[in-house]
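As structure tokens, the structure follows; a few thoughts come after it.
The structure displayed is predicted, hence computed values, not measured ones. Chain identifiers are assigned alphabetically (A, B, ...) following the order of the sequence lines, protein sequences preceding nucleic acid strands; residue numbering begins at 1 within each chain.
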Amino acid sequence: MLTNSLLSNSFFNRTNVVQIARELLGHILVCQNSAGIRSSGIIVETEAYNGITDKASHAYGGRHTNRTSTLYQSAGTSYVYLCYGIHHLFNIVTNAVGIPHAVLIRALQPVEGIDLMLERRNLAMPSANLARGPGSAAKAMGINLKQNGLSLSKQNNIWIERPLNTVDSKNICAGPRIGVNYAAEDALLPYRFWIKGNACVSKK
DNA sequence: CATAGGATCGCCT
DNA sequence: GGCGATCCTATGT
């Protein structure tokens, strides 16, 4: 079987988080459970959170708390937090240590471990919404607060692989982020990216 | 210590 | 399209 190459942390250690969010489309998120079984999915939707100047970011204004401390860690660190008391949202930290940039993974197109995903989601049949939406994507992959602060790597059983075929730029769409109306003018920034026409993207 | 609210989802109408 | 679920986090006293 053809193996994809691992995405190294240097991919994430760059200054332009918006560009990274865009480039992540088409990459494969892989999680391995304790039995060594892989769950994976193609990243079809992302959002960029641009650190201390971004009103939608948890780190806006340099906010530094227990929760947000993960955002200030090194590029390629997993930032997981609980939203609405129910949903675990999975992000990847980017840029240098001390700069709290992150990319939110909003939706996946399931590839491997679909039976496991169905079990985790409590669903009987596969459908486009198996990992559609950030809460559902994390749940399908078995991601929870235990993964917060981990460096993406095979050692930690969670990593990103390069795609065999990259996404053509004409198939990438951009628009405002979801659920960040409180961020005033920053809510309008086109920091959300998705693969055009993909059924596993969360919204039109 | 107490409390309000959140980068959502799925069920109900 | 409206709304309840459900609990961590941040903030204020």
Side-chain angles (χ1 to χ4, degrees), chain A residues 12 16-22 24-25 29 41 43-73 77-95 99-110 117-150 152 158 173-195 198-204:
Chain A
F12 299 106
N16 190 337
V17 66
V18 177
Q19 176 68 14
I20 294 171
R22 186 189 179 90
L24 266 180
L25 293 176
L29 173 63
I43 296 170
V44 298
E45 184 181 0
T46 60
E47 279 177 4
Y49 284 84
N50 194 24
I52 65 173
T53 60
D54 181 356
K55 290 183 178 171
S57 169
H58 290 162
Y60 173 63
R63 175 198 294 260
H64 204 310
T65 63
N66 234 7
R67 176 174 70 154
T68 64
S69 64
T70 306
L71 283 169
Y72 295 82
Q73 291 180 214
T77 298
S78 161
Y79 172 50
V80 183
Y81 75 95
L82 188 70
C83 188
Y84 295 104
I86 300 173
H87 306 285
H88 294 286
L89 270 58
F90 171 66
N91 304 247
I92 304 167
V93 174
T94 71
N95 212 328
I99 301 180
H101 289 182
V103 176
L104 171 66
I105 304 302
R106 284 194 56 89
L108 302 168
Q109 178 183 321
M117 294 190 196
L118 288 171
E119 197 175 308
R120 293 182 186 121
R121 297 273 345 267
N122 248 329
L123 296 173
M125 299 288 292
S127 66
N129 67 1
L130 183 53
R132 181 165 61 188
S136 301
K139 191 172 182 189
M141 294 295 280
I143 294 172
N144 55 59
L145 288 176
K146 291 198 183 81
Q147 272 80 35
N148 182 44
L150 295 184
L152 299 184
I158 177 168
C173 302
R177 293 170 291 187
I178 307 277
V180 295
N181 297 332
Y182 59 87
E185 72 276 11
D186 288 347
L188 301 175
L189 294 169
Y191 282 3
R192 172 172 170 255
F193 300 97
W194 67 94
I195 297 179
N198 191 293
C200 301
V201 170
S202 68
K203 265 192 173 183
K204 259 200 282 191

In whole angstrom, give the distance that lies between atom [atom1] of [X] and atom [atom2] of [N].
X         : N      : atom1 : atom2 : result
Arg120(A) : dC9(B) : CZ    : P     : 17 Å
Asn129(A) : dT8(B) : CG    : P     : 17 Å
Ile105(A) : dT8(B) : CD1   : P     : 15 Å
Tyr79(A)  : dG6(B) : OH    : P     : 15 Å
Asn122(A) : dC9(B) : CG    : P     : 16 Å
Phe90(A)  : dT8(B) : CZ    : P     : 17 Å
Ile178(A) : dA7(B) : CD1   : C1'   : 10 Å
Arg106(A) : dA7(B) : CZ    : C1'   : 7 Å

>> For Tyr72(A) versus Ala59(A), what's the shortest heavy-atom pair and its separation?
In response: OH-CB, 3.8 Å
> What closest approach, in Å, do Tyr182(A) and Ala56(A) show between heavy atoms, and which atom pair accounts for it?
Replying inline: OH-O, 3.1 Å
> Would you call Glu185(A)-Lys55(A) a salt bridge at under 4.0 Å N-O?
Replying inline: yes
>> Requiring both pairing distances under 3.5 angstrom, list the stems that contain DNA chain C and are made of three or more consecutive Watson-Crick or G-U pairs.
In response: B:1-6 with C:7-12, B:8-12 with C:1-5
>> Using side-chain contact (heavy atoms from CB on, under 4.5 Å), reason through Leu89(A) and Val80(A) one step at a time and then give a plain yes or no.
In response: CA-CA 5 Å; Leu89(A) 270 58; Val80(A) 183; over 6 Å; no
> Where along residues 43-54 of chain A does a heavy atom come under 4.0 Å from DNA chain C, residue by residue in number order?
Replying inline: none
>> Suppose you measure atom P in dG1(C) against the same atom in dA7(B); what distance do you get, rounded to whole Å?
In response: 23 Å
Could you check whether any side-chain N or O of [X] sits under 3.5 Å from a backbone N or O of [Y], counting only pairs where one atom can act as donor and the other as acceptor?
X         : Y         : value
Arg120(A) : Ala140(A) : yes
Arg192(A) : Glu45(A)  : no
Gln73(A)  : Val93(A)  : no

>> One character per nucleotide, please: for nucleotides 6-12 of chain C, 5' to 3', B when the base has a protein heavy atom closer than 4.0 Å, S when only the sugar-phosphate does, - otherwise.
In response: BBSSSS-
> Angle class for the His58(A)/Tyr79(A) ring planes (parallel below 30°, perpendicular above 60°, tilted otherwise)?
Replying inline: perpendicular
>> Applying a 4.0 Å non-hydrogen cut-off, can you work out what Ser136(A) is touching in the nucleic acid: base, sugar-phosphate, or nothing?
In response: sugar-phosphate
>> Testing Thr77(A), Asn148(A), Asn91(A) one by one against Thr70(A) for a side chain to side chain donor-acceptor pair (under 3.5 Å), which residue passes?
In response: Asn148(A)
> With distance as the sole criterion, is a donor-acceptor pair present between the side chains of Ser202(A) and Arg106(A) under 3.5 Å?
Replying inline: yes
>> Between His58(A) and dA7(B), is there a contact of a side-chain N or O with OP1 or OP2 at under 4.0 Å?
In response: yes
> Hey, are the side chains of Ser78(A) and Leu152(A) touching, using non-hydrogen atoms and a 4.5 Å cut-off?
Replying inline: yes
